[in-house]
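First the proteins, then the strands, lettered A, B, ... as listed; each starts at 1.
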Amino acid sequence: EAGVAQSPRYKIIEKRQSVAFWCNPISGHATLYWYQQILGQGPKLLIQFQNNGVVDDSQLPKDRFSAERLKGVDSTLKIQPAKLEDSAVYLCASTSDRGVYGYTFGSGTRLTVV
Amino acid sequence: ILNVEQSPQSLHVQEGDSTNFTCSFPSSNFYALHWYRWETAKSPEALFVMTLNGDEKKKGRISATLNTKEGYSYLYIKGSQPEDSATYLCAPYGGATNKLIFGTGTLLAVQP
């Protein structure tokens, strides 16, 4: 089966600019996650979707980050405006169940804010 | 928020050396423990999922053990090869959170 697709792979922007990331999960996977991995830290969950509804966005900085999953398939994560500390790898993952037995990850988008 | 600790943070070894890493996590509300290998510019790849106290899993030269009562897991690599160079992440799945909480990872570099 095709894996989780993410784009772009790399992005460099200036602070205060906007950026958007796209994720296409494995077909049929109802649950989709966005993680942020800052250098030297473990991946941190930003938002979890179940179909097109938000299950957990408690760690999403809502003043600048937004995410949507229209039609319960693809998802986009947006940052507006970006700050230097947003430089990180943004990982998308999906699972067909609660995720107890594992997630399937995309290869991530590496964002550099200068 | 679960506190998941991994040690060491980084490790440099020579080809052929054996190595091991530690993952410690709160033992309450435990459901499963995941290990992932994450190579640069690639997707994190699932290595093991363990659920039972005393579980041991093996995949080639890599093996893992689990102690759910004291809240730790060890990952062993026998005879490290350069292709083993990656970040190794552990992530417990807790019944209270219904999601994976990742540790900070161990960065392994194997020199030929």
A.B. asks: By a 4.5 Å heavy-atom criterion (distance strictly below it), what part of A:Gln6 contacts chain B: side chain, backbone, both, or neither?
C.D. replies: neither

A.B. asks: For the residue pair B:Gly103 and A:Pro43, what are the closest heavy atoms and their distance?
C.D. replies: O-CD, 4.1 Å

A.B. asks: Within a radius of less than 6.0 Å around NZ of A:Lys62, do more than 12 heavy atoms belonging to other residues, nucleotides or ligands occur?
C.D. replies: yes

A.B. asks: Heavy-atom distance under 4.5 Å between the side chains of B:Phe102 and A:Gln41, does that happen here?
C.D. replies: no

A.B. asks: Which one of A:Val4, A:Asp56, A:Val55 has the most heavy-atom pairs closer than 4.5 Å to chain B?
C.D. replies: A:Asp56

A.B. asks: Among residues 76-95 of chain A, which residues come closer than 4.5 Å to chain B, judged by heavy atom distances?
C.D. replies: A:Val89, A:Leu91

A.B. asks: According to a hydrophobic-cluster definition based on side-chain heavy atoms being under 4.5 Å apart (Ile, Leu, Val, Met, Phe, Trp, Tyr only), do B:Tyr72 and B:Val4 belong together?
C.D. replies: no

A.B. asks: Please flag which part of B:Ala91 lies under 4.5 Å from any non-hydrogen atom of chain A: side chain, backbone, both or neither.
C.D. replies: neither

A.B. asks: What is the minimum heavy-atom distance between A:Val100 and B:Val49, and which atoms define it?
C.D. replies: O-CG1, 3.9 Å

A.B. asks: Can you see which heavy atom on A:Ser107 is nearest to which on B:Ser43, and at what distance?
C.D. replies: N-OG, 3.3 Å

A.B. asks: Could you measure the distance from the NZ atom of B:Lys99 to the OG1 atom of A:Thr31? Nearest 0.5 Å is fine.
C.D. replies: 10.5 Å

A.B. asks: So does B:Ala41 get a backbone contact from the side chain of A:Arg9, meaning a donor-acceptor N/O pair under 3.5 Å?
C.D. replies: yes

A.B. asks: Rounded at 0.5 Å granularity, tell me how far CG in B:Leu100 sits from CG in A:Leu45.
C.D. replies: 9.5 Å

A.B. asks: Report, as yes or no, whether the 6.0 Å neighbourhood of atom CD1 on A:Ile12 holds more than 12 heavy atoms from other residues, nucleotides or ligands.
C.D. replies: no

A.B. asks: Do B:Ile62 and B:Phe21 sit in the same hydrophobic cluster, where Ile, Leu, Val, Met, Phe, Trp and Tyr count as joined when their side-chain heavy atoms come under 4.5 Å apart?
C.D. replies: yes

A.B. asks: Going hydrophobic residue to hydrophobic residue with side-chain gaps under 4.5 angstrom, can you get from B:Tyr88 over to B:Tyr76?
C.D. replies: no

A.B. asks: If you draw a 6.0 Å radius around CD in B:Glu56, do more than 12 non-hydrogen atoms from other residues or ligands fall strictly inside?
C.D. replies: no

A.B. asks: Is the gap between the ring centers of B:Tyr36 and A:Tyr103 under 6.0 Å?
C.D. replies: no

A.B. asks: Is atom CD of B:Glu45 surrounded by more than 12 heavy atoms (other residues, nucleotides or ligands) closer than 6.0 Å?
C.D. replies: yes

A.B. asks: Between B:Ile77 and B:Leu11, is there shared hydrophobic-cluster membership here, with clusters defined by ILVMFWY side-chain heavy atoms closer than 4.5 Å?
C.D. replies: yes

A.B. asks: Let me check something: do A:Tyr35 and A:Phe21 share a hydrophobic cluster, defined by ILVMFWY side-chain heavy atoms less than 4.5 Å apart, either directly or through other members?
C.D. replies: no

A.B. asks: Nearest 0.5 angstrom please: A:Lys44 NZ to B:Thr104 OG1, how far?
C.D. replies: 15.0 Å

